[in-house]
Amino acid sequence: MNVNATLFGQMLAFGILIWFTMKFVWPPLLAAIDERRKTIADGLAAADRATASLKDASAKSGEELKAARQQSAEIVAAANKQAAQLVEQAKVAASTEAERIRTAAKGEVDREIAVAREALKKQVGELAVLGASRILKREVDAKAHADVIGELAARI
Amino acid sequence: MSSEAATEAKGGGLTEYIQHHLQHNVQEVGGYMFNIDSLIVGFLTGALVLGWFWSVARKASAGVPTRTQAFVELAIEFVEGQVKDSFHGDRRFIAPLALTIFLWVFVMNAMDLLPLDLIAGIVTNAWGHETAHHFYFRAVPTADINTTFAMALVIFALIIYYSIKVKGGLGFVAELFTAPFHAHGIVGKLLLAIPNFFLNVVEYLAKPVSLGMRLFGNMYAGELVFMLIAGLMAASTLAFIPAVLLNAGWAIFHILIIGLQAFIFMVLTVVYISMAHEKH
């Protein structure tokens with residue numbers, strides 16, 4: 001256990017080991033640790049940001065949904081209104097058309113009646129002339145008495 | 001193996017066995033005496049553990065670490081945390097220094113857990129009893145006062161270096177005479193200069209001495225207890241089983257000592273160097 005030159009040998013060895021650790025062992029390991037710490041910190045920060053942006057996005061989407069709902073309600077209301085309007089218009093058009101058709105039909109009927117009446121008048125006039133000629137037992141010039149017949153026919 | 005060698009040494013009894021085991025393998029190189037067992041084991045263990053750390057450091061990735069890297073990083077972060085707690089300043093030198101101390105002292109202490117007669121047994125088997133009888137080998141470099149004081153002296157030099165660096169050459173010398181007792185008058189200053197200087201010298205010297213002696217004492221005592229237990233194993237057949245149990249118990253307890261002494265050496269170094277950074 002006496003002290004000898006081993007002391008200096010071990011001092012040298014200690015010095016070499018310190019130098020080696022300082023130069024080659026410590027820096028890369030510490031760098032790796034620090035870099036990983038930074039990566040983890042970044043990851044955590046990113047996760048926080050993602051959570052925040054998710055909250056943001058969900059709030060925004062809720063808002064948009066609400067707006068869309070409102071808009072669709074408006075569209076439906078407008079459509080309903082337009083449909084009612086269309087029905088109303090159709091109703092009016094239909095009733096106008098019906099009225100027109102009715103008027104036209106009535107005019108037609110009136111005209112037919114007039115024609116029939118005219119034909120009937122003429123026939124009655126002819127019958128009257130025929131009757132009168134039978135009664136008079138002579139030929140009556142139809143032309144000569146056309147005005148009489150016409151007058152009679154007009155009186156029917 | 002231990003009982004075998006112990007029996008071999010029984011010619012001179014337990015005393016000779018222990019004396020044989022406390023003998024360093026001293027070789028003379030260029031007129032200087034070297035304990036080559038301490039030097040070889042010390043440098044090999046240091047190179048092995050730091051080489052392992054280096055191989056991990058070279059492949060270190062900031063991504064998902066391998067288990068080995070995670071383990072190494074655990075050690076790094078442990079040391080870094082300890083240094084950060086007691087030293088406030090540039091840690092680029094202190095932290096690797098602390099890691100070196102912790103790892104190196106740890107592995108050198110751990111050599112205490114090798115079977116006491118492992119080397120002796122190998123030598124006996126390879127070259128016979130006669131060679132083994134003249135072959136000395138102590139496997140625990142920290143149980144050699146040269147190793148512990150080598151480290152303590154390097155740390156002492158660092159303490160002085162940092163003291164001078166922080167306080168300046170004049171400031172360092174002045175502080176040797178003006179602290180810890182402060183006086184206001186010139187007479188008082190002169191009167192207190194001698195006690196101050198004396199206290200400072202004691203304070204400075206106490207640091208390396210306590211560092212070196214504590215580690216040496218713990219490991220030397222631990223080694224000695226292992227030797228005594230080995231002697232007990234060889235003493236009688238009856239004592240063999242209890243001695244084995246004792247040996248196991250002491251080894252398990254020694255695991256604590258190994259780590260604790262490495263830790264204490266590291267922490268005290270950091271504390272001393274951080275004290276050197278303070279001005280009184």
Side-chain angles (χ1 to χ4, degrees), chain A residues 1-69 71, chain B residues 22 24 26 28-39 42-43 46-47 49-51 53-54 56-65 69 72-73 75-77 79-80 91-93 95-97 99-101 103-104 141 143-151 153-155 157-158 216 220:
Chain A
M1 79 164 264
N2 43 349
V3 175
N4 55 22
T6 314
L7 185 71
F8 302 106
Q10 294 290 57
M11 283 173 86
L12 187 68
F14 188 38
I16 292 171
L17 292 176
I18 294 170
W19 169 80
F20 184 78
T21 310
M22 199 179 127
K23 193 94 180 165
F24 299 110
V25 176
W26 188 268
L29 282 168
L30 202 68
I33 291 171
D34 282 349
E35 203 180 319
R36 186 169 328 108
R37 279 168 55 93
K38 198 176 157 292
T39 314
I40 291 170
D42 287 354
L44 288 176
D48 279 351
R49 276 201 303 277
T51 314
S53 78
L54 179 68
K55 206 184 269 177
D56 225 42
S58 87
K60 203 178 270 177
S61 81
E63 242 162 64
E64 300 236 313
L65 202 65
K66 217 166 89 185
R69 230 174 243 150
Q71 206 176 7
Chain B
L22 286 180
H24 277 289
V26 186
E28 195 182 327
V29 180
Y32 295 100
M33 305 302 270
F34 288 98
N35 299 345
I36 59 155
D37 43 5
S38 293
L39 284 170
F43 199 76
V49 72
L50 287 175
F53 266 55
W54 175 60
V56 174
R58 259 193 334 169
K59 289 176 289 185
S61 81
V64 180
Q69 194 188 330
V72 166
E73 282 179 5
I76 297 270
E77 279 176 0
V79 171
E80 169 87 348
R91 292 195 298 274
R92 270 175 306 179
F93 176 73
L97 171 72
L99 180 73
T100 314
I101 290 168
L103 290 177
W104 199 32
D144 178 358
I145 202 159
N146 286 297
T147 310
T148 59
F149 268 92
M151 296 180 80
L153 284 179
V154 170
I155 289 156
L158 285 171
F216 166 72
Y220 188 82

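All chains are named by letter (A, B, ...) in the order of the sequence lines, taking the proteins before the strands, and each is independently numbered beginning at 1. Note that the coordinates shown come from a computational prediction; the quantities given were computed from them, not determined experimentally.
- Heavy atoms closer than 4.5 Å to chain B are found in both the backbone and the side chain of A:Phe14.
- Note that the CD atom of A:Gln10 and the CD1 atom of B:Ile145 stand 13.0 Å from one another [nearest 0.5 Å].
- The CZ atom of B:Arg92 lies 8.5 Å from the CE atom of A:Met22; values are rounded to the nearest 0.5 Å.
- To the nearest 0.5 Å, the span separating CD1 on B:Ile76 from CD1 on A:Ile33 amounts to 5.5 Å.
- Under the 3.5 Å distance criterion, the side-chain polar atoms of A:Asn4 are left unmatched by any main-chain donor or acceptor of B:Tyr32.
- By the 4.5 Å heavy-atom criterion applied to side chains, B:Met151 and A:Met11 are not counted as neighbours.
- The closest donor-acceptor contact from the side chain of A:Thr6 to the backbone of B:Asn35 lies under 3.5 Å.
- The line from CD1 of A:Ile18 to CD1 of B:Ile101 is 6.0 Å long, rounded to the nearest 0.5 Å.
- Among B:Pro65, B:Pro141, B:Gly51, B:Ala143, the residue making the largest number of heavy-atom pairs under 4.5 Å with chain A is B:Pro65.
- Comparing B:Ser61, B:Ala47, B:Gly42 by how many heavy-atom pairs each has under 4.5 Å with chain A, the most go to B:Ser61.
- Rounding to the nearest 0.5 Å places CZ of A:Phe20 at 10.0 Å from OG1 of B:Thr100.
- The OG1 atom of A:Thr21 sits 12.5 Å away from the CH2 atom of B:Trp54 when rounded to the nearest 0.5 Å.
- No other option in B:Ala57, B:Ala62, B:Ala60 has as many heavy-atom pairs under 4.5 Å with chain A as B:Ala62.
- Using a 4.5 Å cut-off between heavy atoms, B:Gln69 contacts chain A through its side chain alone, with no backbone atom that close.
- The shortest non-hydrogen separation linking B:Leu50 to A:Val25 is O-CG2, 3.9 Å.
- Annotation: side chain of B:Arg91 is not in contact with side chain of A:Trp26 (no heavy-atom distance under 4.5 Å).
- Interface summary for chain A: among B:Leu97, B:Val29, B:Leu99, the most heavy-atom pairs under 4.5 angstrom belong to B:Leu99.
- Of the listed residues (A:Ala31, A:Gly15, A:Ala13), the one with the most heavy-atom contacts under 4.5 Å to chain B is A:Ala13.
- Contacts of B:Trp104 with chain A are made by side-chain atoms alone, with heavy-atom separations under 4.5 Å and no backbone atom involved.
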